[in-house]
Amino acid sequence: PDWGYPDWSEWEDWMNYLDETEMNPYRYENLWPGVVDSSLKRYYVTIDMNPERYYNNSKHSFVKRSAKIRLLLGLEGEALTRPGLSWTVNGLAMPEATNMDSLYLRGDTTTTYRVSVFKNSSWVMSFEVSIFGKPVVYFRKKDNYKGEYGFDGVGYQYDSLRNDYKKIKIDSSNYNVAWMSLLDSQTATVKIAKLLPPGALANSTLRVKFKPTHRNIKINNDDSLVNISMSALQSMDTIRIKATEWDTLDIKSYLKESILVITNSGDTIGRLDISCQKPQEKNVMIINVNNGNGYRSYSKQAILDSLNYVSHNQIFWKWKLDTTGESKGYDTLNLTHEFASDSSRFKRQSWISYNFDAIYNSHKGVDMMNFGNQDLYFIVLFDYPLIPDSAGTETLAFAGGRGDCFAFMFNKSNSNTFRHELGHLLKLNHTFPDKNKDGVIINYNFNIPKFATRNFMDYSNDQDMFFYRQWPKSQ
């Protein structure tokens, strides 16, 4: 075909033409292997404060968002003089960089720049820089999460909690780090959310790895996930995390580690903090009360499972039935006669709180406060409601009683109520400010509005989590 080139047959004619059109093979890809000019000087560029040097024909993917990057020219073995230097970007002259050893490029959008440098109008080097937004990886609790492991990816939204959470800086933005808790040898599925700019997805050389900071944390049954391309990362929905062989670690309290997401250029683009610990055991005794309507139908195992597998396991507590007494952790108490003679006193919170241990003692001949076990707590099930307070609010359950070791559950209490009230027995406060009978705030706690969270110590119906800073305080 007629390409419009002069009909020259001599090599020198072609080389002169290429010189004039800036297509000299020394400037770009070496189209003619073996044709080398040993007199060419060794120029290089560095990018921003990174000391790594990039030479002729190099290609560098530089991850940046909404910021300028600085290209600095250098010359190996001798001092670089500025006079006579000039730059072109994608074939266009950069007059602001004339007689300068540096050039600034912006990375507002996904851009690939072809940069050439000249000295006294003679070409010295060319290279390519691709600039795009840095990818970001977030960790989220899995779909259909029920509380099987601890996960707090929302606490930092609240002013009173914001300083409790670690942050990572990606480009010029701070990203809050989610936190999760795992029991020893527990496997948890965690959801991966990503922010992947088009330039990152299009870059074939960019890779990431998921790397735990401790050898006893495994990802998908491996020590780490490595060499993940952007397309593979885009299709990745979940990972499985497991804390293994906790009993082999010489750590007295708990394991506080992380999973880091790192690019092959060394940038951290994601992080998940992890706490691991063997659960501390608490003894509990369940007392089911019959007031004339029969006993409540809760099973012992259902109560324990609600606490140990989808709530208090998140803060490393394990409840077990007390086996020291004759009742073996479960007992019934028939109060049909007392309730028939004076039911109103049994419906008042204050009366129940101060008298129940004596009532149980009179029926069973057991002094509840002299069991000799300070870690013994009581769940008491009633099948009737309490009298509403002066504001008309009905109390579903309350914690307290003599020794602050009772959780009293009334007819409308449910599994959320169990988790909430036993949380109080572990010294956990409400997430919202508490008020006394006169309406005066007596405890600001986390100072979050009531019903605003999914926290077990809130009053919402869809509870499934604790905040990161709640669990150390409970111990």
Side-chain angles (χ1 to χ4, degrees), residues 63-65 67 132-143 145 149-158 161-183 186-197 200-201 206-230 232-244 246 249 251 253-277 314-315 465-472:
V63 182
K64 199 84 170 180
R65 181 180 294 116
F132 47 81
K134 184 180 292 186
V136 181
V137 174
Y138 308 88
F139 294 89
R140 298 285 185 263
K141 56 190 176 185
K142 68 173 185 176
D143 295 335
Y145 172 79
Y149 53 86
F151 197 94
D152 179 7
V154 298
Y156 49 74
Q157 299 175 4
Y158 305 103
L161 301 177
R162 190 163 292 131
N163 292 333
D164 290 342
Y165 297 84
K166 301 285 182 63
K167 297 176 177 61
I168 57 174
K169 191 167 187 176
I170 301 178
D171 293 333
S172 57
S173 301
N174 284 320
Y175 292 84
N176 293 285
V177 177
W179 164 84
M180 73 176 299
S181 64
L182 283 174
L183 298 175
Q186 181 182 9
T187 299
T189 299
V190 175
K191 194 171 183 178
I192 303 296
K194 292 88 61 177
L195 173 62
L196 303 180
L201 282 173
L206 190 60
R207 295 287 190 274
V208 299
K209 63 180 177 181
F210 288 68
K211 183 172 179 57
T213 57
H214 197 281
R215 67 185 184 278
N216 287 67
I217 297 177
K218 306 297 182 184
I219 305 176
N220 293 353
N221 296 322
D222 209 339
D223 291 333
S224 61
L225 301 180
V226 299
N227 200 32
I228 303 171
S229 67
M230 288 296 100
L233 179 62
Q234 185 183 36
S235 62
M236 183 184 297
D237 294 325
T238 60
I239 60 172
R240 297 186 312 278
I241 303 172
K242 184 176 183 179
T244 63
W246 168 259
L249 301 179
I251 301 176
S253 55
Y254 53 85
L255 186 68
K256 291 179 66 176
E257 298 294 338
S258 303
I259 289 177
L260 303 177
V261 186
I262 307 171
T263 68
N264 52 350
S265 58
D267 294 309
T268 299
I269 61 170
R271 171 173 166 171
L272 173 65
D273 283 346
I274 303 175
S275 299
C276 307
Q277 183 175 330
Q314 300 180 17
I315 50 176
M465 55 90 70
F466 290 102
F467 293 136
Y468 166 57
R469 293 298 297 170
Q470 279 178 285
W471 72 273

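The figures here come from the full heavy-atom set of this structure, side chains too, leaving out hydrogens, waters and symmetry mates.
Side-chain contact check for Ile262 versus Thr268: some heavy-atom pair is nearer than 4.5 Å. Put simply, the side chain of Arg207 reaches to within 4.5 Å of the side chain of Ser229, judged on heavy atoms. In this structure the side chain of Lys166 never reaches within 4.5 angstrom of the side chain of Trp179, judged on heavy atoms. His214 places none of its side-chain heavy atoms less than 4.5 Å from the side chain of Ile274. Proximity of Thr238 to Lys142: side-chain heavy atoms (C-beta onward) are nowhere separated by under 4.5 Å.
The backbone N or O of Met230 lies less than 3.5 Å from no partner atom in the side chain of Lys194, so there is not a single donor-acceptor pair. Within the 3.5 Å criterion, the main-chain N or O of Val261 finds no donor-acceptor partner in the side chain of Arg271. Judged by distance alone, the side chain of Arg162 and the main-chain N or O of Tyr156 form a donor-acceptor pair under 3.5 Å. Using a distance-only test at 3.5 Å, with no hydrogens or angles considered, no donor-acceptor pair links the side chain of Ser181 to the main chain of Ile315.
For Lys167 against Asn174, the heavy-atom pair with the smallest separation is CD-CB, 4.4 Å. Scanning all heavy atoms of the two residues, the minimum distance from Arg140 to Val190 falls at O-CG1, 3.2 Å. The two residues Gln470 and Phe467 have their closest heavy-atom pair at OE1-N, 2.6 Å. The two residues Leu206 and Ala200 make their nearest non-hydrogen contact at CD2-CB, 4.2 Å. The two residues Pro197 and Pro135 have their closest heavy-atom pair at CD-CA, 3.9 Å. Among all heavy-atom pairs drawn from Tyr149 and Ala188, the shortest one is CD2-CB, 3.3 Å.
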(request) Decide yes or no on side-chain contact (heavy atoms from CB on, under 4.5 Å) for Phe151 and Leu272, but give the supporting numbers first. (result) CA-CA 10 Å; Phe151 197 94; Leu272 173 65; 4.0 Å; yes
(request) Could you please spell out the steps behind the side chain to side chain donor-acceptor pair (under 3.5 Å) verdict for Thr213 and Glu257? (result) CA-CA 6 Å; Thr213 57; Glu257 298 294 338; 2.6 Å; yes
(request) Take Thr263 and Val208 through the side-chain contact (heavy atoms from CB on, under 4.5 Å) test and state the conclusion after the steps. (result) CA-CA 4 Å; Thr263 68; Val208 299; 4.0 Å; yes
(request) Show the numbers, then the answer: is there a side-chain contact (heavy atoms from CB on, under 4.5 Å) between Ile241 and Met180? (result) CA-CA 10 Å; Ile241 303 172; Met180 73 176 299; 3.9 Å; yes
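Rounding to the nearest 0.5 Å gives a distance of 10.5 Å between CG of Asp222 and CZ of Arg240. For the atom pair Asp273 CG and Ile168 CD1, the distance stands at 9.5 Å (nearest 0.5 Å). Taking OH of Tyr138 as the start and CG of Leu195 as the end, the distance is 5.0 Å to the nearest 0.5 Å. One distance of note links CD1 of Ile219 with CD1 of Ile259; it measures 4.0 Å at 0.5 Å rounding. Atom CG of Asn220 and atom OG1 of Thr189 lie 9.0 Å apart (nearest 0.5 Å).
Under the side-chain contact (heavy atoms from CB on, under 4.5 Å) test applied with Lys242, the options Thr187, Asn216, Leu182, Ile217 reduce to a single match, Thr187.
With a 6.0 Å radius and a threshold of 12 heavy atoms from other residues, nucleotides or ligands, Lys211 has its NZ atom at or below the threshold.
In summary, the side chains of Tyr165 and Asp152 do present a donor paired with an acceptor at a separation below 3.5 Å, with no hydrogens or angles considered.
Between Phe210 and Phe139, the two ring planes are perpendicular [angle over 60°; tilted spans 30° to 60°].
Taking a cutoff of 4.0 Å between a charged side-chain nitrogen and a carboxylate oxygen, Asp143 and Lys191 qualify as a salt bridge.
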